[in-house]
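The structure under discussion is supplied below as C-alpha cells; questions concerning it will follow.
Naming convention: chains lettered A, B, ... in sequence-line order (proteins, then strands); numbering from 1 in each chain.
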There are 2 protein chains.
Amino acid sequence: MTDAAPTGEITGRRRRSGAATIYDIAELAGVNPSTVSRALNQPGRVSAKTEEKIRKAAADLNFHANPMARALPTGRTHTLAVVVADITNPMVFGVIRGAERAASQAGFTLVIAESQESGSLEAGTIDNIAPSVDGIVLATSRLPDEEILRLAQRKTIVTLNREVDGIPSVISDPAPGVSALVAHLADLGHRAIAYLGGPSRSWISGRRWEALMHAARERGVAVFEIGPNSPTLTGGESAFERAHASGATAVVAYNDLMAIGLMRAAKAAGVSVPEDLSVVGFDDVLGDLLSPSLTSVHADLTGMGTRSVARLLAQLGADGSHEGDGPITTELVIRESTGPSPR
Amino acid sequence: MTDAAPTGEITGRRRRSGAATIYDIAELAGVNPSTVSRALNQPGRVSAKTEEKIRKAAADLNFHANPMARALPTGRTHTLAVVVADITNPMVFGVIRGAERAASQAGFTLVIAESQESGSLEAGTIDNIAPSVDGIVLATSRLPDEEILRLAQRKTIVTLNREVDGIPSVISDPAPGVSALVAHLADLGHRAIAYLGGPSRSWISGRRWEALMHAARERGVAVFEIGPNSPTLTGGESAFERAHASGATAVVAYNDLMAIGLMRAAKAAGVSVPEDLSVVGFDDVLGDLLSPSLTSVHADLTGMGTRSVARLLAQLGADGSHEGDGPITTELVIRESTGPSPR
DNA sequence: CGTGATTTGTCAATCGGTTGCCAAACGAGC
DNA sequence: GCTCGTTTGGCAACCGATTGACAAATCACG
C-alpha cells in the first residue's frame with residue numbers, strides 16, 4: 001500500500017465499484033457488521049436506538065446491499081425470469097410489462113430469456129439462467145409436459161396459458177370471449193367459421209379451438225380448423241388461400257398477428273374485409289392500430305404478467321397479497337373487421 | 001427434519017438447489033477445488049491429463065458454475081441491462097431482441113428495466129440494478145447528461161440514439177433516410193412539411209428535426225416543428241388538429257406510433273391519407289401492418305441492439321470482435337401513406 | 001546423477017453478506 | 001443486593017467461487 005495516496009483510490013479496503021458495504025456502515029455506526037445486517041433485515045432484532053443509528057449511516061453512505069453477496073448464503077437471488085418463445089410476438093410485450101412492474105414493485109429484478117421457438121434451445125436457456133433466478137414464468141413454452149415437471153422439481157415455476165399437472169398456472173379462459181364472438185358472428189348471419197390454429201405445441205391454441213367448437217355447436221354453426229400454422233404474420237398470410245377456399249365466411253385466427261397477415265393476403269387477393277370475409281384475432285394487441293381495425297378476443301395480458309409474478313412470489317413466500325386464483329376472463333372487442341355474412 | 005431420511009436429502013453437505021459445485025468435482029476427480037477452477041477457466045494452466053479428468057467429472061455432474069459465487073470475488077456478473085423508458089414502445093422490441101441475442105451468444109444474461117418515462121424513477125431503477133450488472137445500455141434515457149456521466153464513472157454505459165460527451169453510443173443517423181424522404185415529398189409536390197416532435201428530453205428527436213431542416217433547406221421546402229409531444233398513439237392523435245391547421249400537406253412524425261395516431265385522427269376528421277395529407281413515421285416498426293401502410297424512415301433496430309451490446313462487451317474486454325463503430329444508417333421505406341400534394 | 005528452471009497443484013485469503021451460538025448488558029422481582 | 005430471565009450485540013463459520021503465493025513435482029541438460 002503506497003503512502004499518502006492523494007487520489008483516495010487506495011484507502012485500506014480496496015473497493016471494486018465504490019459501493020458501500022455493511023462493513024462501512026458498521027464502522028461508521030460503531031457496531032458489528034452482523035448487527036448491521038440484522039438491523040436492516042430483521043426489524044425488532046436490535047434495539048430501536050441502534051437500528052436508527054444504523055439506518056442513518058446506511059442512508060448517508062447510500063448503501064445498497066450487494067445482491068450477489070446476499071444471494072450466496074441465502075440462495076435467494078431476488079430475480080425472476082420470463083421465458084418466451086419469441087420476443088417479437090406482441091403478445092409477450094403486455095405480459096413482460098405486467099411482470100416487470102410486479103417484480104420491481106416487490107424488489108425483484110426481471111430477466112427476459114428468449115428460446116427462439118425451439119424446444120431444445122429453451123431447455124438450454126433455462127439451464128443457464130436457472131441458478132441465478134428464484135423462479136421462472138414459462139410464458140409461451142414449447143417444452144413437453146414432462147420436461148416442465150422435471151424443471152419444477154428444482155425451481156419454482158409458473159406457466160402462462162398452459163396447464164401442466166401440478167404446476168401453478170395463469171390461464172386466460174377463452175370461453176367468455178369466444179362465446180360472445182360466436183354469438184356476434186351468428187347474428188351477422190355467418191354459418192361457417194374457420195379457425196386458423198397456432199403452433200402444434202401451443203396448449204392455448206387447443207383451448208381456443210375447443211371453446212370455439214363448443215360455442216359453435218350451441219349456436220348451430222359449422223367450424224373447422226386449418227393448421228397448425230406459425231403464429232406470425234406470414235403464418236396468417238400463407239393460410240389465407242386455404243381459408244378462403246374452405247368457403248368459410250368468417251375466419252378466427254389464433255392471434256392478432258395471424259389475423260393481420262390474413263387480412264393482408266386477402267387484400268392482395270382482392271377479397272375485402274369485412275364485406276367478403278370477416279376476420280377475428282386473439283389477444284387484442286394490435287387490432288386498434290389497423291384499418292380496418294380488428295375484432296379480437298381481448299385478454300388482459302398485463303394482468304396475466306402481473307399475476308404470474310404474484311404467483312411466483314407467493315410460492316416463494318415473498319409476498320402475502322396473493323391475488324385471485326381463478327382463470328383470467330376474456331371478452332370480445334368488436335371492431336371493423338367483422339360484418340354481415342355476404343350470403 | 002425427521003431422522004433417517006430415506007430420500008437422501010441430508011447427505012453430509014446440504015445442498016440448496018441440487019447443483020454441483022467445484023468441490024464435488026474436486027472430490028470426484030481427486031484434486032483440489034482451486035485446481036478445478038483453473039482447469040475450467042484458464043486453459044493450459046493445468047496439465048492436459050488433469051484437465052481432461054476434471055472436465056469429464058464436471059460433465060458427469062452437469063456442472064454449471066454458480067454465477068453469484070463467481071461474481072463475488074471477480075465483481076463480474078456476466079449480466080447486462082437495457083434500460084428503457086417505456087416497454088410498450090414498439091421501437092424497443094427490436095432493440096431488446098438484438099441485445100438479447102448478442103448477450104446470450106456471449107454467455108451473458110440480459111435484464112430489462114423500465115423507467116416509465118420518469119427521469120427520477122430511471123435513476124432509482126439504475127441504482128437498484130447497477131450492483132448486479134456489468135454494463136448498461138441506456139436505450140431511451142430521459143436522464144440529463146450530467147447524470148449519465150456520473151453513472152458512467154461507476155458503471156460501463158452505452159447510450160442508444162443519444163450522444164453524451166465521453167460516452168460510447170450507438171446512433172442511427174437520420175440524414176440518409178430524411179434526405180431521401182424530403183426528396184420523395186418534394187417530388188410529389190409538397191412545399192410545406194410539419195414535424196411532430198417527440199418528448200423534449202429525447203435527444204434523437206432533435207437530431208431528426210435538424211436533419212429534416214437541413215434537407216428541406218436544400219430542396220427549398222418549408223418545414224416547421226410542432227411539439228413536443230408524447231411519443232405515443234395519443235400524442236399523435238392530439239397533435240392532428242395543430243398539424244392540419246398549419247396548412248402543411250405532409251406531416252413527419254417523430255415515430256411510427258405518433259404517425260399512426262395522426263392517421264387515426266385524420267380519418268376521424270374526414271381527412272384522407274394520402275390524398276389530403278401525406279404522413280410519415282420513423283423507425284419503421286409497424287408501418288407494414290396497417291392500411292394504408294405507413295411510409296417510414298427505417299432503422300435497423302435489432303442491429304442497434306446487437307451493436308450496443310457488442311460495444312459494452314468490447315469495453316468490458318469480454319469480446320474482441322468489435323463491430324463497425326460508425327453511426328447506423330437509415331433508409332426511406334415508401335409505402336401508401338405518402339402521395340402527391342393535393343395542391 | 002545433480003542442479004536449476006519450469007511446470008503443476010495446494011493452501012489460504014477474499015468477495016459481502018447471513019445466521020447459529022454465546023456472552024455481556026440490562027431490567028424486573030424478591 | 002442478588003438472582004433470574006430477556007434483550008442486545010459480537011464472534012466466527014459459511015455460501016461457492018477466484019487467485020496470489022508457494023511448495024512439490026517434473027523436466028532438461030551438463
Note: for B/Val31 and A/Thr35 on DNA chain C, the residue whose nearest nucleotide lies more 5' is B/Val31

The side chain to side chain contact (heavy atoms under 4.5 Å, CB included) partner of B/Val82 among B/Leu312, B/Leu138, B/Val137 is B/Val137

Under-4.0 Å salt bridge between B/Arg97 and B/Glu100 | no

Does a side-chain N or O from B/Arg70 land closer than 4.0 Å to OP1 or OP2 of D/dT18, or not?
-> yes

Kindly point out which of C/dC15, D/dG9, C/dG17 is positioned nearest to the side chain of B/Pro73?
-> C/dC15

Counting side-chain heavy atoms from CB outward, which of C/dG9, D/dT19, C/dT10 is closest to B/Thr50?
-> C/dG9

Is any side-chain N or O of A/Arg38 under 3.5 Å from a base N or O of D/dG10, one able to act as donor and the other as acceptor?
-> yes

Mark yes or no for a side-chain to base donor-acceptor pair under 3.5 Å between A/Arg45 and C/dG20, with no hydrogen or angle criteria applied.
-> no

Show every donor-acceptor pair shorter than 3.5 Å between a side-chain atom in residues 57-65 of chain A and any protein atom, with sequence neighbours excluded, or say none if there are none.
residue: A/Asp60; atom: OD2; partner: A/Lys56; partner atom: NZ; Å: 2.9

Answer with base, sugar-phosphate or nothing: what part of the nucleic acid does A/Ser47 contact at a heavy-atom distance below 4.0 Å?
-> sugar-phosphate

Would you mind reading off the distance between B/Asn32 atom CG and D/dA21 atom P, rounded to a whole angstrom?
-> 18 Å

Any B/Ser37 side-chain N or O less than 4.0 Å from OP1/OP2 of D/dA17 = no

Got a sec? Which of residues 61-69 of chain B come in under 4.0 Å of DNA chain D, heavy atoms?
-> B/Phe63, B/Ala65, B/Asn66, B/Ala69

Ionic contact status for A/Glu114 with B/Arg101, cut-off 4.0 Å | yes

Choose from C/dC11, C/dG16, D/dT18 the nucleotide whose nearest atom is closest to any side-chain atom of A/Tyr23.
-> C/dG16

Separation of atom CD1 in A/Ile54 from atom P in D/dG10, rounded to whole Å = 8 Å

Using only heavy-atom distances, decide whether a donor-acceptor pair under 3.5 angstrom links the side-chain of A/Thr74 to the base of D/dC15.
-> no

Proximal nucleotide (of C/dC15, C/dT10, D/dG9) relative to the A/Val46 side chain | D/dG9

Charged N-O contact under 4.0 Å between A/Asp127 and A/Arg154 = yes

The side chain to side chain contact (heavy atoms under 4.5 Å, CB included) partner of B/Val36 among B/Ile25, B/Thr21, B/Val46 is B/Ile25

Report yes if at least one side-chain N or O of A/Ser34 is closer than 4.0 Å to OP1 or OP2 of D/dG10; otherwise report no.
-> no

To the nearest Å, how far apart are B/Lys49 NZ and C/dG9 P?
-> 9 Å

N-O pairing of B/Glu52 and B/Lys49 below 4.0 Å | no

